[in-house]
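One structure is given below, encoded as structure tokens.
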Amino acid sequence: MARFITLADGRTVEVVCLSCALTGGLIKPTGGVIYETDRFHVHQDVAYPIRGLVILASKRHFYGMDELTDEESAEFVSLIKKIRREQRERLGIESVYYFYNEDTTHHFHLWMVPRYDWMTAFGKSVESVRPVLLHARHNMNDEVNMASVIEGIQLLREGLN
């Protein structure tokens, strides 16, 4: 069933599965694709304008980690390692929270959520992540922050390609 989703850059899109729309090229993610293989798609999270908040999504539509093939598993771990290295080296991100859930409305993807000093106002645990994301969605869509997000996307793209 199709639903409407408002993206961080203000666009509203109608999709059945946001991940399928992004990995299939029907929707261009903010700043464009960071990196792509035959199996995976790397892009800035389209809902939360936080520099370096990366989504690593499978192109194949499934929900659980146990559904990864052996080849997908090896590539998935390798990509996480590469993305994380570039987050640290190019964006100066010292800490990242990793999230993946199987009850999502989108298919298999991993969130790589960076931790910045400003986020400590919301706490420093997994419980702080949702308030951080909502704060970013509602308060960080200004031109200065979006330019920083786009610059981060470009730096990650350069490092991964």
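Since this is a predicted model, take the numbers as computed values, not measurements.
The closest donor-acceptor contact from the side chain of Tyr100 to the backbone of Met65 lies under 3.5 Å. Checking side-chain atoms of Gln87 against main-chain N and O of Leu156 turns up no donor-acceptor pair under 3.5 Å. With hydrogens and angles disregarded, a donor-acceptor distance shorter than 3.5 Å links the side chain of Lys59 to the backbone of Thr37. Counting only distance, with no hydrogens or angles, the side chain of Arg157 and the backbone of Val33 share a donor-acceptor pair below 3.5 Å.
The side chain to side chain donor-acceptor pair (under 3.5 Å) contacts involving residues 115-125 comprise Arg115-Ser128, where partners must be two or more places apart or lie in separate chains.
Distance check: Glu75 CD to Phe40 CZ gives 5.5 Å after rounding to the nearest 0.5 Å. Considering CG of Asp45 and NE2 of His43, their distance stands at 6.5 Å, rounded to 0.5 Å. Here the straight-line distance linking atom CG of Leu160 with atom CZ of Arg90 works out to 8.0 Å at 0.5 Å rounding.
Between Gly31 and Ile153 the shortest heavy-atom distance is O-CG2, 3.6 Å. The nearest pair of heavy atoms linking Leu91 to Gly52 is CD1-CA, 3.7 Å. Residues Val42 and Val54 approach most closely at CG1-CG1, 3.4 Å, considering heavy atoms. In plain terms, the two heavy atoms of Arg84 and Ser95 that are nearest each other are NH2-N, 3.6 Å. Taking every heavy atom of both residues into account, Asn141 and Pro49 meet most closely at OD1-CG, 3.2 Å. Closest approach of Arg51 and Pro114 over heavy atoms only: O-CG, 3.4 Å.
Residues Tyr48 and Val113 are not in side-chain contact: their nearest non-hydrogen atoms beyond the backbone lie 4.5 Å or more apart. For the pair Val149 and Met140, the minimum side-chain heavy-atom distance is 4.5 Å or more. A heavy-atom distance below 4.5 Å is found between the side chains of Val126 and Phe99. You'll find the side chain of Leu133 reaches within 4.5 Å of the side chain of Trp111, heavy atoms only. Side-chain atoms of Met112 and Leu53, non-hydrogen and from C-beta on, never get closer than 4.5 Å to each other. Considering only heavy atoms from C-beta on, Thr30 comes within 4.5 Å of Met146 through its side chain.
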Show your working on side-chain contact (heavy atoms from CB on, under 4.5 Å) between Ile83 and Tyr35 and close with a plain yes or no. CA-CA 9 Å; Ile83 295 164; Tyr35 188 77; over 6 Å; no
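The pair Arg60-Glu72 meets the salt-bridge criterion, with a side-chain N (NZ, NE, NH1 or NH2) lying under 4.0 Å from an Asp/Glu carboxylate O.
Residue-environment remark: CG (Asp66) exceeds the threshold of 12 foreign heavy atoms within 6.0 Å.
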